There are 2 protein chains.
Amino acid sequence: MSRVFKALADPTRRRVLEILRKGPKTAGELSAEFEVSKPTMSAHFSTLLEANLVDATKSGRTITYRLKMSVLEDALLGFAQVFGMELKTDSETSDTA
Amino acid sequence: MSRVFKALADPTRRRVLEILRKGPKTAGELSAEFEVSKPTMSAHFSTLLEANLVDATKSGRTITYRLKMSVLEDALLGFAQVFGMELKTDSETSDTA
DNA sequence: ACAACAGTTAGATGATTAGCTAAATATCAA
DNA sequence: TTGATATTTAGCTAATCATCTAACTGTTGT
């Protein structure tokens with residue numbers, strides 16, 4: 001859980017997750033949205049992978065990253081609950097179907 | 001907001017907030033709950049103050065720290081909403097009155 | 001005034017972090 | 001095989017971070 005919060009501490013990584021929210025993207029596509037070098041982005045991806053916030057699948061010469069929404073939810077939910085907040089996930093909200 | 005996430009990245013600081021959830025405590029009382037030196041704790045308090053997650057009031061020679069619950073809520077809420085989650089605060093949940 | 005106490009500031013250290021360039025790995029296409 | 005492409009690994013640097021001890025500031029009690 002500490003790994004998740006460490007991962008969320010960096011604005012670039014938070015924005016990566018945000019972009020991934022709309023759907024999977026390759027390392028290259030993600031990198032294109034930031035003004036840092038690819039190796040730097042690669043390091044961010046590693047951090048997100050270690051926090052288990054994304055997963056990666058290699059296909060040919062591209063690697064596709066996907067947000068692991070449930071892990072993010074669980075982390076936020078767990079933390080929020082300690083402080084007496086309640087988290088509702090998207091699926092519980094309104095537009096389930 | 002980045003300051004809030006940076007503040008939350010450290011486990012000691014998260015536990016300080018958690019302790020403060022039950023009520024205000026002095027710097028000394030808080031320090032007593034951790035195995036690090038007082039100057040180290042003092043630095044953690046500074047970080048939490050800069051993130052606006054706590055406030056401090058001096059009275060005599062003690063400083064009392066208080067959790068600023070609404071700031072924590074707003075940060076978590078803001079972030080969660082970006083990911084399509086909904087946060088309900090304690091006051092909205094059941095025991096409002 | 002003086003000693004004890006609560007807390008911080010100063011200054012140092014070792015570890016981690018975010019960033020870079022250059023080089024390596026692996027795939028695809030000719 | 002050669003060249004281009006996608007991404008990572010290696011190795012470096014500068015900055016930030018968590019921690020420490022020692023010293024300082026301000027308050028209280030005698």
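Letters A, B, ... mirror the listed sequences (proteins, then strands); counts begin at 1. Atom set for the values below is all heavy atoms of this structure, side chains included, hydrogens, waters and symmetry mates excluded. Since this is a predicted model, take the numbers as computed values, not measurements.
Residue contacts for A/Tyr65: at a heavy-atom cut-off of 4.0 Å it reaches the sugar-phosphate backbone alone, with no base atom in range.
No hydrogens or angles were tested; on distance alone, nothing pairs the side chain of A/Arg61 with the base of D/dT7 as donor and acceptor under 3.5 Å.
For A/Ser37, a side-chain nitrogen or oxygen approaches OP1 or OP2 of C/dC20 to under 4.0 Å. Close to D/dA18, at under 4.0 Å from its OP1 or OP2, lies no side-chain N or O of B/Thr12. Residue A/Thr26 places at least one side-chain N or O under 4.0 Å from the OP1 or OP2 atom of D/dT7.
A 4.5 Å side-chain heavy-atom check between B/Arg21 and B/Leu17 finds every atom pair outside the cut-off. Looking at A/Thr64 and A/Lys25, their side chains never come closer than 4.5 Å, going by heavy atoms from C-beta outward.
Note: CD (B/Glu29) to C1' (C/dA6) measures 12 Å, nearest angstrom. If you measure from atom CZ of A/Phe34 to atom C1' of C/dG19, you get 15 Å, rounded to the nearest angstrom. Atom CG of A/Leu30 and atom P of D/dT8 are 10 Å apart (whole Å). Atom CZ of A/Arg14 and atom C1' of C/dA18 are 14 Å apart (whole Å). Going from atom NZ of A/Lys6 over to atom P of C/dT17 covers 5 Å, rounded to whole Å.
Comparing A/Glu35 and B/Thr62 by the nucleotide of DNA chain C that holds the closest heavy atom to each, the one mapping nearer the 5' end is B/Thr62. Across the interface with DNA chain C, nearest-nucleotide mapping of A/Ala9 and A/Gly60 shows A/Ala9 to be the residue nearer the 5′ end.
Within residues 40-55 of chain A, the residues approached by DNA chain C to less than 4.0 Å at the level of any non-hydrogen atom are A/Thr40, A/His44, in residue-number order.
Taking the six-membered ring for Trp and the full ring otherwise, A/Phe5 and B/Phe5 have centroids separated by 6.0 Å or more.
Closest contact between the side chain of B/Ala27 and the listed nucleotides C/dA18, D/dA18, C/dG7 involves C/dG7. Closest to the B/Ile63 side chain, of the nucleotides C/dG7, D/dA18, C/dC20, is C/dG7. Comparing D/dC20, D/dT8, C/dG19 by their closest approach to the side chain of B/Pro39 singles out D/dC20.
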Test B/Thr62 against B/Ser59 for side chain to side chain donor-acceptor pair (under 3.5 Å), laying out the working first.
CA-CA 6 Å; B/Thr62 67; B/Ser59 171; 5.0 Å; no
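Heavy-atom neighbours of A/Arg3 CZ from other residues, nucleotides or ligands within 6.0 Å: at or below the threshold of 12.
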